[in-house]
Amino acid sequence: MLYSVRMRAAQGAPHEQGGRHISGAERLVCRQEVAGLTQTMLERAFFHSRGEADFINITVEAIAPETIQTVPILPVTEMEAPDYEAGRGAAQIVLAAVGVNPAAAAEGFAQLLALPDSMRGAMLICAQTGKRLDTSGMRGVRVSRMDVDNEAVYTEWLAKQGFSGIHIREALVLASKVAAAHGIVAELCWSDDPEYTAGYVASSCTYFRFAHLKPQGCTQGGRLFFVRPGSDIEALQEYLTRQPVLVVVPEVVKQ
Ligand code: WAQ
Ligand code: MG
């Protein structure tokens, strides 16, 4: 049996009472791992670069095995852009190349940059018009109930490409779940952790990684999910927030 373990941490007040979002995490692990994982999540919330949390919610919930879907991990392509201005320009070009209307991409960027502080979840944006489609306000749509099917294989797969660290590890799992959704054209993301400037554009088949999508020290980050016009928004939100997904990583072939 796998358990969904979810953490959200805020400062000043709980999220639902207007607290500032500090950190969140979602995993699917077996029972023996739950205690250790909740400890790690607590420490992460207490010692976060966005500030010290004073509200922490950790939920542990059993997942019925027959409900779990599997999706493939997205391959990573590293993009060359020397700074965040070049990175943002290139990200808009990639978004257009994978099917987002350039005006909608620009409108999405503008909405993300206009946020007073980062949200806990993502905005659903129409890939044709750039209009916001979800009604979750500053909460956003939080993708949940996902993990890799084999951590050891994943670590090796990342290391072989020179990647390590929690940010890319978690982002690739989230992006792979999102990319497999019906109705998603692309995702744009950069971190809300002040020291972490990297971000990505994900299409249905590639994770395009940029070393800089924001200036160093900036605490404003976020996620945009560009949605195909005419998609069933309720079904999409149900998949993103509730469908348990394990991301399958190919075994690294030993020479
Ligand atoms: N569902 C929806 N939106 C989320 C989720 C989630 N589970 N988790 C985070 N977000 C949104 C939220 O608005 C955050 O403010 C924003 O994304 C950034 O979250 O090296 O670290 O966890 O290739 O800070 C990307 C680059 C790092 C990784 C992303 O995001 C790499 C990152 P963070
Ligand atoms: Mg963060």
Side-chain angles (χ1 to χ4, degrees), residues 4-11 15 19-28 41 44-45 47-51 53 57 59 73-79 81 84 87 91 94 108 111-125 132 134 136-147 157-158 161-179 181 184 187-202 206-214 218-227 236-237 239-245 247:
S4 163
V5 182
R6 309 190 289 277
M7 181 275 285
R8 60 185 171 96
Q11 197 176 51
H15 294 93
R20 175 169 181 264
H21 178 66
I22 295 293
S23 163
E26 26 276 305
R27 300 285 308 277
L28 293 178
M41 285 180 173
R44 178 164 164 184
F47 304 103
H48 202 279
S49 59
R50 287 178 56 76
N57 178 309
T59 304
I73 192 141
L74 290 173
V76 180
T77 296
E78 289 206 80
M79 307 298 285
Y84 80 92
V94 174
Q111 291 187 63
L112 207 160
L113 292 168
L115 290 175
D117 199 353
S118 73
M119 297 168 40
R120 177 171 136 211
M123 296 191 236
L124 299 187
I125 302 286
R132 179 123 184 230
D134 65 286
S136 59
M138 271 305 284
R139 178 181 190 280
V141 176
R142 183 101 193 156
V143 186
S144 182
R145 297 170 171 82
M146 69 283 186
D147 212 319
W157 183 87
L158 287 167
Q161 301 169 78
F163 299 131
S164 61
I166 190 94
H167 291 86
I168 187 164
R169 196 181 180 88
E170 293 185 343
L172 258 170
V173 172
L174 185 151
S176 299
K177 178 179 177 183
V178 172
I184 293 286
E187 176 185 354
L188 168 69
C189 164
W190 66 81
S191 179
D192 57 7
D193 301 4
E195 76 291 354
Y196 204 79
T197 62
Y200 63 90
V201 171
T206 305
Y207 179 101
F208 297 94
R209 178 170 195 265
F210 298 86
H212 311 284
L213 282 184
K214 70 166 193 191
C218 171
T219 56
Q220 192 202 46
R223 279 189 158 89
L224 303 178
F225 300 155
F226 289 95
V227 178
L236 177 59
Q237 292 202 42
Y239 168 85
L240 294 172
T241 58
R242 302 201 61 88
Q243 172 62 49
V245 166
V247 177

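In what follows, residues are counted from 1 in the order of the sequence shown. Each ligand, and each atom within it, is numbered from 1 in the order the structure gives. If you're wondering where the values come from, they're calculated on a predicted model, not measured in any experiment.
Distances from ligand 1 to the non-hydrogen atoms of V141 include at least one value under 4.0 Å. For the ligand labelled ligand 1, residue G140 lies outside the 4.0 Å heavy-atom shell.
Counting heavy atoms under 4.0 Å from ligand 1, residue R209 touches it through the side chain alone. Within the 4.0 Å heavy-atom criterion, the part of R120 lying near ligand 1 is the backbone and not the side chain.
Residues R6 and M41 form no side-chain contact, since every pair of their non-hydrogen atoms from C-beta on lies 4.5 Å or further apart. Side-chain contact check for S23 versus M7: some heavy-atom pair is nearer than 4.5 Å. Counting only heavy atoms from C-beta outward, the side chains of F225 and V143 approach each other to under 4.5 Å. A heavy-atom distance below 4.5 Å is not found between the side chains of L172 and F163.
Looking at every heavy atom in both residues, R132 comes nearest to G137 through NH2-O, 2.9 Å. Taking each heavy atom of D193 and R50 in turn, the nearest pair found is OD1-CD, 4.0 Å. The minimum heavy-atom distance between S118 and M138, with the atom names listed, is O-CE, 4.2 Å. Taking every heavy atom of both residues into account, L213 and A91 meet most closely at CD2-CB, 4.2 Å. The two residues K214 and S191 have their closest heavy-atom pair at NZ-O, 2.8 Å. Listed here is the closest heavy atom pair of G140 and M119: CA-CE, 3.3 Å.
For ligand 1, the atoms closer than 4.0 angstrom to any heavy atom of M119 are 12 (C), 13 (O), 14 (C), 15 (O). Residue S118 approaches ligand 1 through these ligand atoms, each under 4.0 Å from one of its heavy atoms: 15 (O). Close approach of ligand 1 to C189 (heavy-atom distance below 4.0 Å) involves ligand atoms 29 (C). Per-residue contacts place L174 under 4.0 angstrom from the following atoms of ligand 1 (heavy atoms of the residue considered): 1 (N), 5 (C), 6 (C), 7 (N). Taking every non-hydrogen atom of W190 and a distance limit under 4.0 Å, the qualifying atoms of ligand 1 come out as 18 (C). Residue E26 approaches ligand 1 through these ligand atoms, each under 4.0 Å from one of its heavy atoms: 7 (N). Close approach to I168 involves these atoms of ligand 1, each under 4.0 Å from a residue heavy atom: 20 (O), 23 (O), 28 (C), 31 (C). Close approach of ligand 1 to A198 is summarised as follows: ligand atoms under 4.0 Å from at least one heavy atom of the residue are 20 (O), 25 (C), 26 (C).
At the top of the distance list for atom 8 (N) of ligand 1, counting protein heavy atoms only, stands R142 NH1, 3.1 Å. Nearest to atom 16 (C) of ligand 1 among the protein's heavy atoms is G222 CA, 3.6 Å. When only non-hydrogen protein atoms are considered, atom 7 (N) of ligand 1 lies nearest to V143 O, 2.9 Å. Regarding atom 33 (P) of ligand 1, its nearest protein heavy-atom neighbour is D192 OD1, 3.9 Å.
Distances from atom 20 (O) of ligand 1 to the heavy atoms of Y207, Y196, Y200, F225 show the closest one on Y196. Counting heavy atoms only, R223 comes closest to atom 11 (C) of ligand 1 of the residues R223, E78, H167.
Remark: at the Mg ion (ligand 2), atom OD1 from D192 and atom OD1 from D193 enclose 80°, rounded to the nearest 10 degrees.
Between E78 and R209 a salt bridge is recorded (basic side-chain N to carboxylate O distance below 4.0 Å).
When only modelled atom types and interatomic distance are considered, Y200 and R223 share a side-chain donor-acceptor pair under 3.5 Å.
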